[in-house]
Colleague: 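Please see the structure below; I have some questions.
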Amino acid sequence: MADKVLTANRLSDGTSVWLDAAGNWNERLQAAFVARHKEAVEALEATGRQAFADNQVVDVNVIDVEEVDGVLRPLRMRERIRAEGPTIAYAIGYSGLAATAA
Amino acid sequence: MYRYDEFDHAFVSGRVEQFRDQVARRLSGELAEDAFKPLRLMNGVYLQLHAYMLRVAVPYGTLNSRQMRMLAHIARKYDRGYGHFTTRQNIQYNWPKLSELPDALADLATVEMHSLQTSGNCIRNVTADHFAGAAADEVADPRPYAEILRQWSSVHPEFSFLPRKFKIAVTGAERDRAAIQVHDIGLHLKKNGHGEIGFAVYVGGGQGRTPLVAKKIRDFLPEADLLTYTTAIMRVYNLYGRRDNKFKARIKILVHEMGAEELARQVEAEFAELRGSELTLPESDIAAIATYFAPPRLAPRAEGWANLAQWKKADPEFARWVQQNVQPHKHPDYGMVTISLKPIGGIPGDASDAQMEAVADIAQEYAFDEIRVSHEQNLILPHVALADLEPVYRGLVAAGLATANAGLITDIIACPGLDYCALANARSIPVAQEISNRFGSPERQAEIGELKIKISGCINACGHHHVGHIGLLGVEKKGEELYQITLGGSGDENTSIGEIIGRGFEPEKVTDAVEVVVDTYLGLRRDPSETFLAAYRRVGPQPFKDALYGEKTVAAA
């Protein structure tokens, strides 16, 4: 069985998040709790269902990952891009609202 | 352009407040996701890979500078400083927060913009020729009819829950720049033998997983019957369109399965029932809407001819830009300017807030305050005096918007692909960027001539790959990206669906494959005036297959 983590998008802003070992939704894949056996995966799925029902997150999924040299890497490219952001330099010159608000 | 009346203002503002309430109830947990999702989609809000996405309608691609500035403001305040102009003449923002979207929509409403009907199984934003009202070859401006369709279809109760989404495009010229034959309904404005205005009506075109070219079901529909006949089509579709299978629910499948003749018969029968009803458009109503689209008063500016000749002589880059990005206007002293959103190696269709502001400034000063979005993901200034082309060009250069590549190989359409889109199987943008870099030299582009590359990251075909002269479709195979090449597609008045040329290519090989296709074309064309598409139609796929896969290849499945 491939290692698995629980991922979703936060309801309020849509940001991609992963469930960490403390039961919080973390914006970093590397902080994710990794399930390595069936019972742990079932616990992830149950947590995901509850978080969805509690309106914390949407689009909840358990995804396959592998750990290479201590770094988590999703098996599907889709999930790698979700974790790392677009693979392109998409907002050249953008430095956040604070810099442009004045 | 069209101006909202009191009804329009109240209607759009009312919808914003409804959505504000819906978002508040969703965030408080009062509304569950299943109940909320259709509501957010009705307001153009999707959930993508990294965030929500807001799609804002630009009706028939027409904007003024105030509206463009508002799009820049939305990019700055609610997003990450940029937006993405789409093949539906809309704009998408990739990073808005759900909690802030009602404020964004309220801001948009102040300039008569909204995101209604940019999603859902309804009649979507009606698109039109981006040169409408300016093109020398135009019979009539298609936008008044697009606006009439917009008003009629907005939250139309009978057509808000169709079997599937429904797209209408209108063109007013023989040269089809609105790709009407790959729309659910395509309307071609024309004059009959008596000089009366009407439409040739095409039905059942579309791309996606089943690409089909629309069938003409009526050669001439009087303009007064536009809504009556469209209603008849919608009713036949609503009645017989499949609801059991999402992939077979578009009207193109109905046309295909029922046959165009039978569909036309049914539509005509419904039309006969409806004709003469309140749906008939009074001439005065058409005239009233048309006045909103009256062309600006274009004073003679004959001095531009001499100026232009001097400027071109003095600056070869300016001359190249004029050659490629300025088209003849119906007034001889004016031109139609394409502002390329395809910088070499850039992201097709993206514009920063500063660039949007720059375009607004230039439009206000030199282009009668008119801007268009083209379905090819560029911006257009439809009315610019030749005498003003030089300062317009300088302004565009300063904003990084003066790439001289309209219609050339680097003027690539690309969907957001797997970098953003939850539906995508493969990335589109990096592929477009690499091809753009490979072919970026002006000399090489000029040698190749007109060549449209279109890239989609999944079979839904938002990147219009089926009608690309060279189309690229990204698929996922064994967890990796693979790009299938189609050749010979076209989205103009001679629409054709591209043919799959053979097995796909890995990301690192696809640019080489495109280069092989291009070099093959250069080697076999009769002379430089024979375009890629013309050459392909003459010789067929085999020379390209041989070049890509070796001699005596058998077409791949």
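Letters A, B, ... are given to chains in the order of the sequence lines, protein chains preceding strands, and every chain is numbered from 1. Small disclaimer: the values here were computed from a predicted structure and weren't measured.
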Colleague: Of the backbone (N, CA, C, O) and the side chain (C-beta and beyond), which part of B/P416 lies under 4.5 Å from a heavy atom of chain A, both, or neither?
Modeller: neither
Colleague: What part of B/Y52 lies closer than 4.5 angstrom to a heavy atom of chain A: side chain, backbone, both or neither?
Modeller: both
Colleague: Would you please classify the geometry between the A/Y90 ring and the B/W95 ring as parallel, tilted or perpendicular, with 30° and 60° separating the classes?
Modeller: parallel
Colleague: Measure B/L418 against the heavy atoms of chain A and call it side chain, backbone, both or neither at under 4.5 Å.
Modeller: both
Colleague: For A/N9 and B/L49, indicate whether the former's side chain and the latter's backbone hold a donor-acceptor pair under 3.5 Å.
Modeller: yes
Colleague: Side chain, backbone, both or neither: which part of B/L47 has a heavy atom under 4.5 Å from chain A?
Modeller: side chain
Colleague: At a 4.5 Å cut-off on heavy atoms, which part of B/Q433 comes close to chain A: side chain, backbone, both, or neither?
Modeller: side chain
Colleague: What closest approach, in Å, do A/G85 and B/H50 show between heavy atoms, and which atom pair accounts for it?
Modeller: CA-CE1, 3.6 Å
Colleague: For B/A422, is it the side chain, the backbone, both or neither that has a heavy atom under 4.5 Å from a heavy atom of chain A?
Modeller: both
Colleague: Measuring from atom NZ of B/K97 to atom OG1 of A/T15, what distance do you get when rounded to the nearest 0.5 angstrom?
Modeller: 7.0 Å
Colleague: So do the side chains of A/V58 and B/K37 get within less than 4.5 Å of each other, counting heavy atoms only?
Modeller: no
Colleague: Supply the atom-to-atom distance B/R25 CZ to A/N55 CG, rounded to the nearest 0.5 angstrom.
Modeller: 13.0 Å
Colleague: Measuring heavy-atom distances to chain B, does A/A83 have an atom under 4.5 Å in its side chain, in its backbone, in both, or in neither?
Modeller: neither
Colleague: Given a strict heavy-atom distance threshold of 4.5 Å, which part of B/R26 is in contact with chain A: side chain, backbone, both, or neither?
Modeller: both
Colleague: To the nearest 0.5 Å, how far apart are CD1 in A/I88 and CZ in B/R427?
Modeller: 9.5 Å
Colleague: Please look at B/L31 and chain A and tell me whether the side chain, the backbone, both or neither of the residue comes under 4.5 angstrom of a heavy atom of that chain.
Modeller: backbone
Colleague: With a 4.5 angstrom heavy-atom cut-off, could you sort out which part of B/S99 is near chain A: side chain, backbone, both or neither?
Modeller: both
Colleague: Is a salt bridge present between A/R78 and B/E476, judged by a nitrogen-to-oxygen distance below 4.0 Å?
Modeller: no
